K.L.:
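Once you've had a glance at the structure underneath, I'll fire off some questions.
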Amino acid sequence: MPNEILSRGVTRRAVLGGMAGVAALSVAGRVSAAAGGEAPALAQLVKDGKLPPLAERLPKKPMVVKPFEKIGTYGGSLRRGLRGSSDHNGILRMVGNQSLVRWNLEFTAVEPNLAERWEVSDDATQFTFHLIEGVRWSDGHPFTADDVVFAIEDCVKNTELYSSTPAQLAVAGKPVTVEKIDDYTVKFTFAAANALYLENLATPLGQHPTLFPKHYCSQFLPKYNPNIEADAKKAGVTSWTELFRSRCGDIEIPSRWGNVDKPTLDPWVVKEPYAGGATRVVMTRNPYFWQVDTEGNQLPYIDEINFGISQDVESLMLNVISGKIDIQERHISVLANKPTLSKNMEKGDYRLLTLVPSASQQCQIYFNITHKDPAMRKMFADKSFRQALSIGINRPELIDIVYFGQSEPYQAGPRPTHPWYNEKYARQFTEFDADKAGAMLDQAGYKKGGDGFRLRPDGQKVFFSIDVIPTLYPDLVDALELVKTHWAQIGIDMKVNTIERALYYTRGDDNAHDAQVWPGPGGLDPMLDPRDFFAFHPQGSRYAIPWTLWYTSNGARGEEPPESQKKRMKLFDEARSTADLDKRGAVMKQIFDIAAEEFETVGLCLAVGGFGIIRNNLRNVPEKQPDSWSWPNPGPALPQQFTFTS
Amino acid sequence: MLVFIAKRFLWMIPSLFAVSFLAFVLIQLPPGDYVTTYIATLAASNEIVDQNTAAQLRERFGLGDPMLVQYFKWIWGILSRGDFGISFEWQQPVSDLIWERMALTLVLALSTLIATWAIALPIGVYSAVRKYSIGDYFFTAFTFFGLAVPSFLLALVLMYVAAVEFGQDVGGLFSPEYENASWSFAKMIDLFSHLWLPVIILAVSSTASLIRVMRANMLDELPKPYVTTARAKGLSEFRLLMKYPMMIALNPFISTIAWLLPNLISGSVVVAIVLNLPTAAPLLLQALMAQDMYLAGAFVLLICALTLIGSLISDILLALVDPRIRLE
């Protein structure tokens with residue numbers, strides 16, 4: 001396996017060590033803003049007296065971004081594709097990632113963004129952020145500590161607007177408290193240790209502190225506007241909360257990109273909104289954007305982003321191969337498209353972009369250990385049954401046929417390049433041995449019946465179905481069909497149950513499934529999504545949904561899990577509040593050891609990387625990027641410093 | 001005639017209620033609700049919805065209410081203040097979303113109708129009059145070809161040729177500069193310069209069947225005694241054809257006007273999606289898939305209303321055109 005981490009001279013270990021550190025370095029290489037340039041169109045506006053001069057629009061010490069390859073030139077319109085429905089995160093990933101902190105390119109450390117530095121208390125309960133002085137919203141209004149306090153205290157903690165506080169901002173059942181120290185300093189205080197807060201803050205779900213401009217959004221809150229109900233009625237909505245959402249949006253709802261009046265801190269602002277029935281979304285440069293390149297030129301380089309909305313992926317593919325898209329990985333990044341895209345590189349004048357998966361497993365099989373039917377539950381809960389099924393799968397054949405040989409047998413846990421990699425957890429029971437599998441099943445009491453298929457101890461035939469969503473993951477259907485033939489050889493009858501995705505979720509939520517499949521996360525970000533390591537995610541840990549409910553409701557709902565689960569839950573809570581990365585790693589490794597021992601999920605192979613395209617005249621784009629929702633590619637690669645050569 | 005029209009209008013009211021209720025129930029039948037689908041959609045790109053947010057979305061949309069309560073809230077809003085509700089997905093009033101789409105759908109439907117008739121009528125008449133001629137065989141072959149090729153495939157092929165061979169913009173009904181512009185004469189021109197491709201694609205298959213219908217009907221009428229009589233009385237061949245057999249052969253054309261609109265919306269979904277047309281079909285499909293029930297419900301209701309109006313129009317036209325039809 002080649003080194004898949006995008007490290008540039010820093011070992012992952014060292015960077016990870018810095019990640020939990022107390023304070024980040026201040027931004028290096030500051031230059032005077034007056035020295036730099038600005039886009040010609042903006043310079044013209046300044047000349048006409050319609051816009052204040054650059055020096056008044058930029059912070060005194062603007063954040064300096066080192067361009068990936070070279071200093072860019074201004075101009076151009078970047079074309080990218082969206083789909084017509086629920087694709088708002090396609091915009092978020094490209095432009096809307098301006099949080100207090102951000103991920104570095106390698107996805108290993110948190111870097112300053114709107115907060116230029118911070119301090120974390122020793123017990124990881126208090127986080128003090130120092131904002132960059134003089135940053136302005138896209139309408140020219142200053143961005144200060146008041147905005148951060150307003151966003152959390154008045155908006156997110158408003159129980160009519162958010163009936164419960166978003167998970168990131170609440171610890172031990174209590175929401176965070178945010179206070180203003182001075183105009184450019186804010187302090188976040190949690191009820192208990194929250195060592196992962198900085199990492200969480202760098203993910204899209206951490207954008208709340210910088211999402212709501214006080215001077216604009218306060219007009220939609222009853223506290224600041226006594227006539228709000230009347231205003232809501234006038235706007236044709238039924239309540240002020242709806243008005244607030246449609247005007248100020250939220251992190252991931254379409255209306256975030258539906259209001260051209262809402263000031264933002266993003267490099268581009270909405271010109272033609274993402275609304276129902278829109279056929280395109282156009283975003284235009286923010287004249288007050290607060291970052292400059294190393295020569296002091298204001299970013300972004302590119303004037304405009306044009307998101308065409310396609311209903312159909314095939315027409316998006318057509319646009320890509322005929323060179324009408326400048327950068328795209330979303331929607332086209334399935335292996336089946338790779339030959340077509342590789343073949344047309346010259347015609348479309350583009351190069352390929354490699355995505356490094358942050359996921360661990362391409363196809364994780366979750367047998368429902370907490371099945372409602374006692375006999376099924378007994379069967380799935382039998383560890384040797386699961387082990388036998390795992391070694392009954394011919395993984396090399398599956399990888400060759402379904403994944404074009406681009407993977408390797410794998411169970412679960414961090415990817416091989418991760419410092420917390422656990423060999424046993426990752427590789428056990430991946431060796432194909434049908435005879436041994438048969439012997440194990442015999443011993444576990446599943447004898448073969450007359451038709452060659454095995455019977456349970458209660459005399460019923462061993463039969464179960466595995467739910468899979470064909471529209472979402474067609475490769476998983478192919479993989480399961482192969483697994484079905486492998487299992488038939490050892491006398492196990494399985495049905496590949498292809499269902500619609502809402503039904504898939506409802507079955508999971510009701511604990512009505514025999515087994516389901518899903519790609520297993522946690523390969524590069526094991527702390528952010530540990531759903532395969534223990535019953536963590538109420539929808540994602542599909543081998544034991546009732547246990548996750550018990551965990552997330554502090555024992556009020558669901559079903560009490562066995563000791564080994566409870567131990568891991570406790571260990572994870574401990575890891576989450578451990579600021580020291582070495583200590584945290586030690587705790588997490590215990591979790592992996594226990595999980596390896598229990599062998600709850602059956603994995604097929606290591607997650608396969610995606611890809612995308614970049615037009616050859618688009619520069620400063622890293623050609624290898626992590627692929628993750630937590631590192632919302634390509635946002636952390638800083639599209640504001642992308643530039644066109646001609 | 002007026003009494004007939006008034007009666008038909010009165011009948012439309014209960015029909016609409018029945019249909020709207022059925023539509024509402026059908027939209028809600030699949031498992032899960034808007035929030036489930038929303039979470040599933042985001043999960044599709046491995047994006048995660050905050051668990052607390054999901055719970056509060058359900059509460060906010062009143063998805064916990066019994067279906068009847070939800071239905072009456074919705075229908076009362078429409079009747080009392082023309083309020084079709086809010087689209088869950090877009091957080092916008094439904095009425096903002098549907099009208100322009102419905103208007104464009106009508107434009108497309110009418111253009112396709114005109115194109116279909118303009119091609120099918122003359123060819124149908126020709127094939128009937130010159131039965132078993134080379135021309136008849138040619139058009140017959142063409143007809144079967146048109147029926148056999150799925151329209152979405154035709155759309156994909158034409159798009160591929162246009163995009164890859166000629167570097168043309170494909171998809172949509174407008175050039176980029178007019179896409180979000182307000183309506184003007186220039187925008188109308190732009191619309192018509194883009195309209196021909198979807199119109200041809202949609203017209204091909206329906207033309208084929210109409211040619212067959214027209215040909216068969218004409219063949220029925222031509223040997224009838226009144227034709228012979230008229231010919232014997234010295235009426236010119238063209239006037240003769242136009243005046244009697246043609247009028248009667250038109251009957252099935254007119255009586256299918258009512259189905260045209262629903263057909264165009266349901267039958268053209270795939271084409272509209274492939275060609276990226278801003279008509280009602282793709283938005284309706286999306287709304288159905290997302291279980292965005294107020295948006296989907298409004299579309300279904302409008303399509304039903306238009307169908308009812310369409311069938312009224314065809315009845316009136318039939319009464320005018322076909323002398324054999326009486327209202328009593």
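On a predicted model such as this, the values are computed, not experimentally measured, just so you know. Order of the sequence lines fixes the chain letters, A, B, ..., with proteins taken first and strands second; residue numbering starts at 1 for each chain. Hydrogens, waters and symmetry mates are skipped; everything else that's a heavy atom, side chains included, is used.
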K.L.:
Supply the atom-to-atom distance A:S322 OG to B:Y160 OH, rounded to the nearest 0.5 angstrom.
P.N.:
9.5 Å
K.L.:
For B:M159 and A:L318: C-alpha separation, side-chain torsions, deciding distance, then whether side-chain contact (heavy atoms from CB on, under 4.5 Å) applies.
P.N.:
CA-CA 8 Å; B:M159 274 173 81; A:L318 257 180; 3.8 Å; yes
K.L.:
Could you tell me which of A:P521, A:A235, A:A275, A:G308 has the largest number of non-hydrogen atom pairs under 4.5 Å with chain B?
P.N.:
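Max contact count across the listed options: A:A275.
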K.L.:
For A:S315 and B:V274, work out which heavy atoms get closest and say how close.
P.N.:
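In terms of heavy atoms, the two residues are closest at CB-O, 3.8 Å.
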K.L.:
Can you tell me which portion of B:I273 sits under 4.5 Å from chain A's heavy atoms? Options are side chain, backbone, both or neither.
P.N.:
both
K.L.:
At what distance, to the nearest 0.5 angstrom, does CZ of B:F152 lie from CD of A:E314?
P.N.:
10.0 Å
K.L.:
At a heavy-atom separation under 4.5 Å, does A:I309 approach chain B through its side chain, its backbone, both, or neither?
P.N.:
backbone
K.L.:
Where on A:Y274 is there a heavy atom nearer than 4.5 Å to chain B: the side chain, the backbone, both, or neither?
P.N.:
both
